[in-house]
Amino acid sequence: MILTTQALHFKYPQGESFRFPDLAIAAGEKILIMGPSGCGKSTLLSLISGALPLQSGDITLTGTTYRMLRGTALDRMRADHLGVIFQTLNLIPYLTGYQNAALGLQFSAIRRRRVLKPSDEIHRLARALGLSQQHLDSQARALSIGQQQRIAVIRALLGRPELILADEPTSALDPESTERFIQELLGSFDPSTQGMILVSHNPALQPFFDRVIKLKGPQDV
């Protein structure tokens, strides 16, 4: 099992409180988490990614529980075993597409060891995602939103982290581009070693995933 969560509960200082269903994700599984705005989708993803601290319950990733980790140890766990596609993408605008993609290996020795030739792997993923050499050579700020999203996917997949987390990656795309992007994303991930959690409010994505988990709002169980 790549990921399990148990009895997660998170309360914000302003009062919103969320209880989340337990998750268990094995290699090859693709999970879609859905629900309206404010239902806690991004909160759950932030807990799994370690961006929010655990308040109640626990998360186990590749056999290690988050309760056992503090500070840099948690940061290392995230860098080694998680590939995150942020809703805001978090690309560095003055770096090229290639340089942004390569950042996926910068903070993890484990992921670097899995890639014998980073350039070859970046170009392989770029081709699978419909990107050209010109896109890799261009600064991120010169790329379209769709092209930037594909660079963010390469960064997340590089070095084959066990769990891919994607937060509303298609929110800025039209329906045709959304379907093409999801097909490319799922075609680029390795079902023998990786699992995926994607958060979205778009019901059209449901057929692409093995399981759909719907959240309804604060105090959802």
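The figures that follow rest on heavy atoms only: side chains count, while hydrogens, waters and symmetry mates do not.
Connection of L32 to F208 is established within a shared hydrophobic cluster, with ILVMFWY side chains joined at heavy-atom distances below 4.5 Å, either directly or through further cluster members. A single hydrophobic cluster is seen to contain both Y12 and L215, as judged by linkage of ILVMFWY side chains at heavy-atom distances under 4.5 Å, directly or through other members. Under a hydrophobic-cluster definition in which Ile, Leu, Val, Met, Phe, Trp and Tyr are linked whenever side-chain heavy atoms come within less than 4.5 Å, directly or via other members, L95 and L157 are assigned to different clusters. The cluster map of Ile, Leu, Val, Met, Phe, Trp and Tyr, joined by side-chain heavy atoms under 4.5 Å apart, puts I122 and V115 in the same cluster. Both L69 and L52 are assigned to one and the same hydrophobic cluster, defined by single-linkage of ILVMFWY side chains at heavy-atom distances under 4.5 Å.
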Walk me through it: do L125 and R127 pass the test side-chain contact (heavy atoms from CB on, under 4.5 Å)? CA-CA 5 Å; L125 288 168; R127 288 192 296 272; over 6 Å; no
Working for side-chain hydrogen bond (donor to acceptor under 3.5 Å, both in side chains), residues H201 and E168: CA-CA 8 Å; H201 64 277; E168 298 276 12; 3.2 Å; yes
E184 vs Q149, side-chain contact (heavy atoms from CB on, under 4.5 Å): CA-CA, chis, key distance, verdict: CA-CA 11 Å; E184 291 168 344; Q149 286 176 312; over 6 Å; no
Can H123 and D120 be said to form a side-chain contact (heavy atoms from CB on, under 4.5 Å), step by step? CA-CA 5 Å; H123 282 87; D120 289 354; 5.8 Å; no
Any chance you could lay out the side-chain contact (heavy atoms from CB on, under 4.5 Å) test for L136 and T96, step after step, and finish with the verdict? CA-CA 6 Å; L136 292 177; T96 66; over 6 Å; no
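Between F18 and F20, the ring-plane angle classifies as parallel under the 30° and 60° cut-offs.
No side-chain donor from either of D75 and T72 sits under 3.5 Å from a side-chain acceptor of the other.
You'll find the side chain of L91 reaches within 4.5 Å of the side chain of I151, heavy atoms only. Side-chain atoms of I48 and L163, non-hydrogen and from C-beta on, do get closer than 4.5 Å to each other. K30 is listed as a side-chain neighbour of L186, based on a closest heavy-atom distance under 4.5 Å. In this structure, S42 and D167 have side chains that are in contact, with non-hydrogen atoms separated by less than 4.5 Å. For the pair I197 and L44, the minimum side-chain heavy-atom distance is 4.5 Å or more. Counting only heavy atoms from C-beta outward, the side chains of R150 and F181 approach each other to under 4.5 Å. At a threshold of 4.5 Å between non-hydrogen side-chain atoms, the residues L185 and I85 count as touching. Side-chain atoms of L198 and I31, non-hydrogen and from C-beta on, never get closer than 4.5 Å to each other.
Between K11 and E16 there is no salt bridge, since none of the side-chain N atoms of the basic residue sits less than 4.0 Å from a carboxylate O of the acidic one.
E179 contributes no side-chain N or O that, together with a main-chain N or O of E176, makes up a donor-acceptor pair within less than 3.5 Å. Listed for the Q148 side chain is a donor-acceptor partner under 3.5 Å among the backbone atoms of L143. Checking side-chain atoms of R141 against main-chain N and O of S138 turns up no donor-acceptor pair under 3.5 Å. Between the S144 side chain and the Q147 main chain, a donor and an acceptor come within less than 3.5 Å of each other. Of the possible polar contacts, none joining the S108 side chain to the L105 backbone as a donor-acceptor pair under 3.5 Å is found.
Nearest heavy atoms, P21 versus T5: O-OG1, 3.9 Å. Between L47 and P53 the shortest heavy-atom distance is CD2-O, 3.5 Å. Here the closest non-hydrogen pair linking M34 and C39 is O-SG, 4.3 Å. The shortest heavy-atom contact between I164 and A156 is CD1-O, 3.8 Å. Taking every heavy atom of both residues into account, S192 and A27 meet most closely at O-CB, 3.8 Å. Between G57 and L8, the closest heavy-atom pair is C-CD2, 4.2 Å.
Each of Q139, Q133, Q134, H135 was checked for a side-chain contact (heavy atoms from CB on, under 4.5 Å) with D137, and the lone residue meeting it is Q133. Only one option out of E162, R76, R111 pairs with H81 in a side chain to side chain donor-acceptor pair (under 3.5 Å); it is E162.
Remark: T170 OG1 to N202 CG distance equals 5.5 Å, nearest 0.5 Å.
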